[in-house]
2 protein chains.
Amino acid sequence: MNFDAITIRDIARELHLSVSTVSKALRDSYEISEKTKKLVMEFAQKHNYRPNPMAQSLKKGHSKSIGIVVSSIDNQFFSQVINGMESEAYSQGYNVIITQSHESYDLEVQNVGHLIHRAIDGLLISIATETADVEHLRKLQQQGLPIVFFDRVSTEIETHKVIVDNFGGAYQATTHLLDSGYKNIAHITSSVTSSVTKQRLAGYIDALVEKGIEVKEQYIKYCLHGGLNLDELEQAVDELMASEPRPDAILTASDRITTSTMTLLHRKNIRIPQDVALVGFSNTVLADVLNPSLTSVHQPAFEIGRKATEMLLSIINSKRPITEFENVILPTELFIRSSSASKHK
Amino acid sequence: MNFDAITIRDIARELHLSVSTVSKALRDSYEISEKTKKLVMEFAQKHNYRPNPMAQSLKKGHSKSIGIVVSSIDNQFFSQVINGMESEAYSQGYNVIITQSHESYDLEVQNVGHLIHRAIDGLLISIATETADVEHLRKLQQQGLPIVFFDRVSTEIETHKVIVDNFGGAYQATTHLLDSGYKNIAHITSSVTSSVTKQRLAGYIDALVEKGIEVKEQYIKYCLHGGLNLDELEQAVDELMASEPRPDAILTASDRITTSTMTLLHRKNIRIPQDVALVGFSNTVLADVLNPSLTSVHQPAFEIGRKATEMLLSIINSKRPITEFENVILPTELFIRSSSASKHK
DNA sequence: AATTTTTACGCAAACGTTTGAGTTGACGTT
DNA sequence: AACGTCAACTCAAACGTTTGCGTAAAAATT
């Protein structure tokens, strides 16, 4: 499909110039006289000339597009992140190709392969909860593909990373629950292997320890599929509700887990916060109008995406190989609402 | 950036064959002996050969990618639609390039231009609420770019279209409100020019007329920016709440408008459904756990995306130009919840 | 006037494929 | 033995750019 079929050749023919002259004129080369440049530029303008991106890519060896891998686009947190990525990439003349891993290791590997095949200039990835082995990514990095991790990062690969203060967010949320009079606080989180899980778990534990509360193993539930699988999550909730003493609060560690847990509690007629309080990491814009309104740890999703993209493009555009890598940590924000209403009075 | 720098040339050199033989062998041409094919295939496999997509695109004149324009990715309805698109495109070896119009005409034009520049093979678009003039799209279509509309379609351009039964959805929702005892039903919708708006408005009006209820102009509020602009929406809500007689129910016509209206009513301490009932088009997975749970008109978003993509790819892959265009209308589903609880008893 | 320098442009190869048009040698046909 | 047929390759052009190098003519320097 060639629309506006006008090429550099056509211009050359019309203007009785050589292709190279036209090319150079368009790129404002010093080799070309002002007069000719003007002639060419105006002709190009008038005929709405656009260089063929495929030819340019082929010649220049880059595609001006970057790949994104997230678990699911249909998730407030990730769609906001992508929004930020798209915004930054776009403003720098790049476009983004999005793929979803649906938290599956196999899909992740497949997607990354597909993206590479598509000749992306760089990769933005939040690794799937299922993913434990990151060899596929390391290999690519060694071959020279710029990679920036966001959200779920790998400690085994050195590169720029953008995360939020997961520890702080969980710590703050847990402390808030404790201050509100809750004593038996459970934690539902994703896969054990995930960096995010570890950090949030540490924040949860630290807050408890600091207040002299015992950390109970049976209060900590892992969901390998990050709550995508509702059965998995339901089992976790059921087990929690059956444990002795029954938890009076739950801290949920991801957007999907938070909203799904809320839905499950509703279905089971477990009242929030009377039977069990709920605080969760979530970026839903509906937190205010949920029943009850949801106390949430909010992440600067747009900024995560924007920043990660900015960093990736800086690697891509860098002349020399990067050796110093940055680890950006953005703050979370705790929005206190009714789902964690104080137990006192 | 060239990873796995292995090209068809390298294979040819190693195997003492010509480039064309290798190329043909890889494409399983009848001109090549089985023995050679096997040799080449195995070598390619072993060295993880991947044809350079840019070279292929340049040569073949297509890019195996399709462009998508939605108002905002950060919207449950659209992210679900995109999910469906990505799924279908991916399974046919295409990838998608997503852009957002943020309901702005200018951005839409700019994005479409950018996509064309990127040499997409086809376009999936839901036009912005602001867009009244579709000349930019018609021109592209005339130049041979396959286009499929979804959600917000243009009546002025003939091509495949995928929409839902907007009339039926609105009719059903309005009838449900009437049956529940509500008499003064207002309607907040998007831009007047939009196809979706017109159809939903018609469904709303028909339901009223059928029950012999007067249609009041002041009960119908348009939001040019589709609720993206909160001030605009707030004004609409304020005006409705100030009108005489005050509406006892509102039908909202898009995901964004629905959720934002709910948020606004909360802020203004207007009780749902006691003060005013609310029924809205929405695809949020949180409808069940909202306060109150939200009666919603749900659209088969994933299927819309999947179907639209399937149709676009069929145009792209069609040998002959298409002259007969399909207009797929998918059903909506009304989920009755508490925000429209019956007034009786 | 002979020379070097500068200016402004053209030539041609290259990026990695695809593809129609040759080319070769082996074989079968008369 | 001379011919045509066929299988299995190779050649070379093409897709639309970019870019290093070459080269005229003009300008500047002797």
Side-chain angles (χ1 to χ4, degrees), chain A residues 1-41 43-44 47-65 93 116-121 144, chain B residues 1-41 43-44 47-65 93 116-121 144:
Chain A
M1 298 291 145
N2 261 330
F3 325 106
D4 281 353
I6 172 164
T7 79
I8 219 169
R9 255 193 180 71
D10 300 326
I11 303 185
R13 195 179 338 95
E14 292 297 318
L15 263 37
H16 303 291
L17 289 169
S18 79
V19 227
S20 44
T21 304
V22 175
S23 175
K24 285 170 185 167
L26 289 170
R27 327 209 86 251
D28 200 24
S29 162
Y30 66 97
E31 287 183 80
I32 308 297
S33 73
E34 289 304 322
K35 206 174 64 183
T36 308
K37 277 188 203 169
K38 199 172 162 216
L39 187 71
V40 172
M41 300 269 204
F43 188 93
H47 291 75
N48 193 29
Y49 166 78
R50 300 278 209 133
N52 180 318
M54 306 189 238
Q56 272 183 324
S57 293
L58 177 59
K59 187 67 198 174
K60 304 223 217 132
H62 61 231
S63 61
K64 286 274 178 180
S65 57
I116 296 306
H117 178 207
R118 283 289 168 200
I120 52 168
D121 296 342
Chain B
M1 300 288 146
N2 261 332
F3 325 107
D4 280 353
I6 172 164
T7 79
I8 219 169
R9 255 194 180 69
D10 301 326
I11 303 184
R13 196 180 336 96
E14 292 296 319
L15 263 38
H16 303 290
L17 288 168
S18 78
V19 221
S20 42
T21 305
V22 176
S23 175
K24 286 172 182 165
L26 288 170
R27 328 208 87 252
D28 200 26
S29 161
Y30 67 97
E31 289 183 80
I32 308 297
S33 73
E34 289 305 322
K35 206 174 66 182
T36 309
K37 277 188 203 169
K38 196 169 167 221
L39 187 69
V40 173
M41 301 269 204
F43 188 92
H47 291 75
N48 194 29
Y49 166 78
R50 300 280 209 131
N52 180 318
M54 305 190 239
Q56 271 183 323
S57 294
L58 178 59
K59 187 66 197 175
K60 304 223 218 132
H62 61 232
S63 60
K64 285 273 177 184
S65 58
I116 295 308
H117 179 207
R118 283 289 167 203
I120 51 167
D121 295 343

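A quick note: this is a predicted structure, and the numbers were derived from the prediction, not measured. Basis for what follows: all heavy atoms, side chains included, without hydrogens, waters or symmetry-related copies. Each chain gets a letter, A, B and so on, in the order the sequences are listed, and its residues count up from 1.
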Legend entry - Validation row: A/L58, B/N52 side chains within 4.5 angstrom (heavy atoms): yes
Inset, instruction - Can you tell me the distance, in whole Å, between the CG atom of B/L17 and the C1' atom of D/dC11? - result: 14 Å
Inset, instruction - Record whether the side chain of A/S18 comes under 3.5 Å of the base of C/dC9 through a donor-acceptor pair of N or O atoms. - result: no
Inset, instruction - Please tell me which of B/L58 and B/K24 maps to the more 5' nucleotide of DNA chain C, matching each residue to the nucleotide holding its nearest heavy atom. - result: B/L58
Inset, instruction - In whole angstrom, give the distance that lies between atom NZ of A/K60 and atom P of C/dA13. - result: 23 Å
Legend entry - Rounded distance [0.5 Å steps], CG in B/D121 versus OG in B/S57: 7.5 Å
Inset, instruction - Send over the distance from B/K59 NZ to C/dT18 P, rounded to a whole Å. - result: 9 Å
Inset, instruction - Could you state the atom-to-atom distance from CG of B/L26 to P of C/dT17 in whole Å? - result: 9 Å
Legend entry - Listed nucleotide nearest any side-chain atom of B/T21, set D/dT17, C/dA12, D/dC9: D/dC9
Legend entry - Any A/S23 side-chain nitrogen or oxygen under 4.0 Å from OP1 or OP2 of D/dT18: yes
Legend entry - Sub-4.0 Å heavy-atom contacts from residues 30-40 of chain A onto DNA chain C, ordered by number: A/E31, A/I32, A/S33, A/T36
Legend entry - Heavy-atom side-chain contact between B/I6 and B/I11 under 4.5 Å: yes
Inset, instruction - Find the distance B/L15:CG to D/dT10:P and express it as a whole number of Å. - result: 10 Å
Inset, instruction - Please work out if A/R9 contacts a base, only the sugar-phosphate, or nothing of the nucleic acid, heavy-atom cut-off 4.0 Å. - result: base
Inset, instruction - Starting from C1' on D/dT17, measure out to NZ on A/K64 and report it in whole angstrom. - result: 15 Å
Inset, instruction - Go through D/dT18, D/dA13, D/dG16 for me and flag the one nearest to the A/Q56 side chain. - result: D/dT18
Legend entry - Atom-to-atom span, CD1 of A/I8 to C1' of D/dC15 - whole angstrom: 14 Å
Inset, instruction - Check side chain to side chain contact (heavy atoms under 4.5 Å, CB included) between A/E31 and all other residues, then give those that pass, not counting sequence neighbours. - result: A/K24, A/S29
Inset, instruction - Return the minimal non-hydrogen interatomic distance between B/S63 and B/I120, and the atom names on each side. - result: OG-CA, 3.7 Å
Inset, instruction - For B/I6 and C/dC15, give me the distance from atom CD1 to atom C1', rounded to whole Å. - result: 17 Å
Legend entry - Atom of B/F43, atom of B/L15 and distance for their closest heavy-atom approach: CD1-CD1, 3.5 Å
Inset, instruction - Please name all residues satisfying side-chain hydrogen bond (donor to acceptor under 3.5 Å, both in side chains) with A/S33, sequence neighbours left out, ordered by chain then number. - result: A/T36
